[in-house]
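Notes follow once the structure below has been shown.
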Number of protein chains: 2
Amino acid sequence: MLDVAKAANVSVATVSAVINGSAPVSPELRSRIEEAIQVIGYKRNAIARSLKLGTTRTVGLMVADITNPFFTDVVAVIQDVLHRAGYAVMLCCNDEDVEMQDEQIELLIDRSVDGLIIAPAGDDETLKRIIAGANLPTVLIDRLLDGIDTDAVVLDNRRAVHDATLYMLGLGHRRIGYISGSLETSTGRERLAGYKAALEAAKLPHEDDLVRIGNFREKDAYKATMQLLTSTERPSAIFSANNLMVIGVMKAIRDIGLKCPEDVSVASFDDFPWADVFQPHLTTIAQPVQAIGEQAAQLILDRLSGKSPAAPRRLVLQGRLMIRESCRPVSLTPRAIA
Amino acid sequence: MLDVAKAANVSVATVSAVINGSAPVSPELRSRIEEAIQVIGYKRNAIARSLKLGTTRTVGLMVADITNPFFTDVVAVIQDVLHRAGYAVMLCCNDEDVEMQDEQIELLIDRSVDGLIIAPAGDDETLKRIIAGANLPTVLIDRLLDGIDTDAVVLDNRRAVHDATLYMLGLGHRRIGYISGSLETSTGRERLAGYKAALEAAKLPHEDDLVRIGNFREKDAYKATMQLLTSTERPSAIFSANNLMVIGVMKAIRDIGLKCPEDVSVASFDDFPWADVFQPHLTTIAQPVQAIGEQAAQLILDRLSGKSPAAPRRLVLQGRLMIRESCRPVSLTPRAIA
DNA sequence: CAGCCTATTCTAAACGTTTCGAAGGTGTCA
DNA sequence: TGACACCTTCGAAACGTTTAGAATAGGCTG
């Protein structure tokens, strides 16, 4: 910038004024400066600018698992919206690991991001302290954090699972296995609550051994399903609390020599683009990923531009039950013990 | 930092020395300073540091489509390795859009990233000019750029598709449809070349109307497959040049009332975690995503630490043909015209 | 023509670090 | 005791911007 100023024979203040349009500059100087910028090929240094302005036009985005297509879709739209608004996105993922999560958040804050969008891996005290301490515009997506009162966009998890469970119950299933996500997360807890509520509404006793923790990961879900299927009273249906886990569920069913839906009905949280072309066509709960991403981005943008009301805004979206072919009436499930 | 210096009654230079361990400091002052840091809760400002040092410890990562599980997997490991090395990752994706790609790269460079890892959407002149002009450590992944001579890690695409085609040929297929990716990308071109080479080796005439462009996207692949399947001489097998497109291929097969593999054999580039549990079990070419990510990250890390040789390093990995059940001998394909 | 107002331009401080070279203190040796 | 070296600490400049306020020039008014 100093070079430009010299070349155009003006002060840096004037150069800054034409670049930012922050002050009136005579046409003559303006064109001289613009030419000098062209000739020199000058690019304003964003770091220096950030230092002075105290803003980086960058938002930190942390999700638990970028390998999960649900998060991927959401990240893609957030990234898109934010870019259009001139913001860069700094991405972190932590493999559902709480320790790494703390590090990553620190790293983002250290880089002076202007805001944070987070899908937390777990309800960690350290994390909450860090977030509170950072005092940055923050929006939580997918998962809430007890005691952290910020903007957020989440799904009505309880209701979605409640409805799905009701659907399976309606098919006559009485022993429905439930592969749960980590109960450290609000989604893990809410989804399980939906399942239990539906059982209760149907006046079925809650049986602890029908619920197994799969931690939202394929491997753990595989093991959990194995246990479920080799137990004395095998369930006639299984619900998986997310997309990654349902792969593990299906693998376990296959490895144990059973078939879905003939022997076991299966339904899952999160939809797949290929769900109605590969068999069995999975019955799922589809999340409005586009809307989640857009609204999260908008929430942080509003907050950053000071347009938001002081009170945190909490958006709750509804899932959609996609009934396909992986669940059958229990009467058509010959080997079922239900 | 000034506050810390005052509190400990020393100069900022000394504070900086203990924080960075860049100069010897007496035990007494050191402990006094460390205490002051604790008390004040001081965090060094990375922006100011970057300004002085001319380095941000951030690398820009741009992939064509973060919704594509292949890229997702690679991004996840790159992110992981880089984080361990103390680098942050700034992520961009451009939906295979060349214009947006230019913008995004500019945005990354504008943020003063220390290096760039790119899977370019297309062989765009502007992009190449920008990259060359930025004069940053750069590593290309998955796709090369004509005339840009940097570190890179890619797959031996030609050979992988060549082998897969040979496999289908071995099953007796003579009319193999090919849904190609964008020929603006090196992968698009190389994969197609592998297909053609295999046909040639089998002394089969090359027929232009067996090759359709699907641009690596599901929708385009769907249309392309529709054309292929409604043509007068329907192919008995179809190869899809990536994972997203094979969904489109399968949807078209379904919508036209055919079955895979009974009526049409299908194989595809890129593997899926669910490929051997949902039907038909797809025959695919698996890429070593872990290795690609690790090596790309290592390449940029070496370059950033000046450990690399001056000459660019080009790593070529091999794909693996995962033979499953979506391809059958042509003799078992009753309705085939082949 | 002095005085004043406006429009434009400039000077200089500030953002929070790092680091070079200087300064001060202590110890050793002739 | 003076010269010298070494070790620790410090002052101040520099990185590249933005911006408040001062300065300058020109035009207008009384």
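Every chain is numbered from 1, with letters handed out A, B, ... down the list of sequences.
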So, the side chain of [X] versus the backbone of [Y]: is there a donor-acceptor pair under 3.5 Å, distance only?
X: A/Ser50; Y: A/Ala46; answer: yes
X: A/Arg189; Y: A/Ser182; answer: no
X: B/Arg303; Y: B/Pro137; answer: no
X: A/Arg313; Y: A/Ser308; answer: no

Does a side-chain N or O from A/Ser26 land closer than 4.0 Å to OP1 or OP2 of C/dA7, or not?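 Checking C/dA7 against A/Ser26, no side-chain N or O comes under 4.0 Å of OP1 or OP2.
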Give B/Leu29 one of three labels, base, sugar-phosphate or nothing, depending on what nucleic acid heavy atoms sit under 4.0 Å from its own.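 Sugar-phosphate: the residue B/Leu29, judged by heavy atoms under 4.0 Å, touches backbone atoms but no base.
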For a salt bridge (charged side-chain N to carboxylate O under 4.0 Å, His left out) check, start with the C-alpha distance between A/Glu125 and A/Arg129, then their side-chain angles and the critical distance, and finish with the verdict. CA-CA 6 Å; A/Glu125 279 309 319; A/Arg129 210 167 37 240; 5.5 Å; no
Check the distance between [N]'s [atom2] and [X]'s [atom1] and give it to me in whole angstrom.
X: B/Lys6; N: D/dC10; atom1: NZ; atom2: C1'; answer: 16 Å
X: A/Ile19; N: D/dT17; atom1: CD1; atom2: C1'; answer: 10 Å
X: A/Ile47; N: D/dA14; atom1: CD1; atom2: C1'; answer: 16 Å

Decide, yes or no, whether a salt bridge links B/Asp123 with B/Arg143 under the criterion of side-chain N to carboxylate O below 4.0 Å.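 No salt bridge links B/Asp123 with B/Arg143.
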Letter by letter from the 5' end, nucleotides 11-17 of chain C scores (B base, S sugar-phosphate only, - none; protein heavy atoms under 4.0 Å) B--BBBB
